[in-house]
Every structure is written in structure tokens, then in C-alpha cells.
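Quick caveat, the model's predicted, so the values are computed rather than measured. Within every chain, numbering begins at 1; the chains are lettered A, B, ... in the order of the sequence lines, protein sequences first and strands thereafter. FYI, side chains are in, hydrogens and waters are out, and symmetry mates aren't considered; it's all heavy atoms of this structure.
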Amino acid sequence: MDRPTYYDQVFAVTRAVPRGRVTTYGAIADFLALGSARMVGWALNKVAYDLKVPAHRVVNRKGELSGRVHFNPPQRMQELLEQEGVTVKNDQVQNFKEILWIPADHLSQEAFDESFE
DNA sequence: ATTGTGACATACG
DNA sequence: CCGTATGCCACAA
């Protein structure tokens, strides 16, 4: 699309997160070099009821499942993560630093832009 | 145009 | 660790 909305970009990055890995709101915002971490969570909220985007792989900078309450039902987020091999305890992703996936380290801005033509 | 609203992040006490 | 404050900025009304 000519004019991808902020949502589209957030969704695209989120879909790029591999199974068993997680990323953070800040990392996505940083990669997009647009908006802020707040925008990311806000964008995901719009699609929380759609299963097209693996929103469960996005957590806050502490590795907490801060957005779980927006799932249906809330514990669904943790279940999905554990299903992918991610251990979650007390609403926190275990081994967080090991499985953290930073978009900026694996995606090129150019290739990303092209996907919106 | 103005205001309100955040699934955040960082700084400070 | 906890609460407060501030920056952040796209989007809906």
C-alpha cells in the first residue's frame, strides 16, 4: 500500500518475530524509528482480537506480559508463548535476554519498506 | 484545530 | 520495590 499506517508497520514487524522468540515494544518502536513504544502497544491493541499477528511475542522491556489482559482470555498470551517453547513464570518471560529478538538486528529497513509496495 | 487516550520507557525520590 | 512525573506521537471523536 502507498501509505501504510502505523498499525501496518507494527504488525509487519511483529509477524517477523520467529517462534520461540520475543521482542519488546521499545525495540519495535526503535526499528521503525517512528512513534514511540506507546504507539506499538496501542497499535497491537487494535488487533488483539485478530490472530493474524503474534502479539503474544511482544512484551515490555522487563519481559513481562503486560498486555495479557487484552487477550481473550487473558491467560491466552502465556499459553501461546509456552506452546512455542517460551517459559513464562509469574507473568514474566524466563530466559528473557536469551530469546529476545531485536528487529533492528535482523531486519533491514529497506527490505521492510519494500514489503509495503 | 484541540483534546483525550494509551499492551511503554526512563528518571527521580 | 513503589509511586510519580514526563516524554513520546498516531489516531479517534
TODO: Rounded off to whole Å, could you give me the OH-to-C1' distance for the Tyr6(A) and dT5(B) pair?
DONE: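 Going from Tyr6(A) (OH) to dT5(B) (C1'), I get 15 Å.
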Task: Distance, rounded to the nearest Å, where Lys62(A) contributes NZ and dT10(B) contributes P - done: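 Taking atom P of dT10(B) as the reference, NZ of Lys62(A) is at 11 Å.
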- [ ] Let me see the working for Arg57(A) and Val86(A) under side chain to side chain contact (heavy atoms under 4.5 Å, CB included), right down to the final yes or no.
- [x] CA-CA 10 Å; Arg57(A) 297 188 190 136; Val86(A) 176; over 6 Å; no
TODO: Specify whether Trp42(A) and Tyr7(A) have parallel, tilted or perpendicular ring planes, treating 30° as the upper limit for parallel and 60° as the lower limit for perpendicular.
DONE: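 Rings of Trp42(A) and Tyr7(A): tilted, 30 to 60°.
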Open item on the list: Short of 4.0 Å, heavy atom to strand atom, which residues of residues 66-79 of chain A count as contacting DNA chain B?
Closed with: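 When residues 66-79 of chain A is checked for heavy atoms under 4.0 Å from DNA chain B, the hits, listed by number, are Ser66(A), Gly67(A), His70(A), Phe71(A).
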TODO: Taking the side chain as every heavy atom from C-beta outward, state whether Ser66(A) and Val59(A) have any atom pair closer than 4.5 Å.
DONE: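 Sidechains of Val59(A) and Ser66(A): no contact.
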Open item on the list: With heavy-atom distances below 4.5 Å as the criterion, would you say the side chains of Tyr6(A) and Val40(A) are in contact?
Closed with: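 Yes, close enough: below the 4.5 Å cut-off.
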Open item on the list: Does anything in residues 10-47 of chain A come within less than 4.0 Å of DNA chain C? Heavy atoms only, and list the residues if so.
Closed with: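 Within this stretch, Gly35(A), Ser36(A), Arg38(A), Met39(A), Trp42(A) sit under 4.0 Å of the strand.
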Open item on the list: Tell me which residues in residues 95-104 of chain A lie within less than 4.0 Å of DNA chain C, going by non-hydrogen atoms.
Closed with: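 By residue number: none to list.
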Would a single hydrophobic cluster contain both [Y] and [X], if residues Ile, Leu, Val, Met, Phe, Trp and Tyr are joined by side-chain heavy-atom contacts under 4.5 Å?
| X | Y | result |
| --- | --- | --- |
| Phe96(A) | Tyr25(A) | no |
| Phe11(A) | Val22(A) | no |
| Leu44(A) | Leu32(A) | yes |
| Val47(A) | Met77(A) | no |
| Ile28(A) | Phe116(A) | yes |

Open item on the list: For a quick check under 3.5 Å, do Gln78(A) and Glu82(A) share a side-chain donor-acceptor pair by atom type?
Closed with: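 There is such a pair between these side chains.
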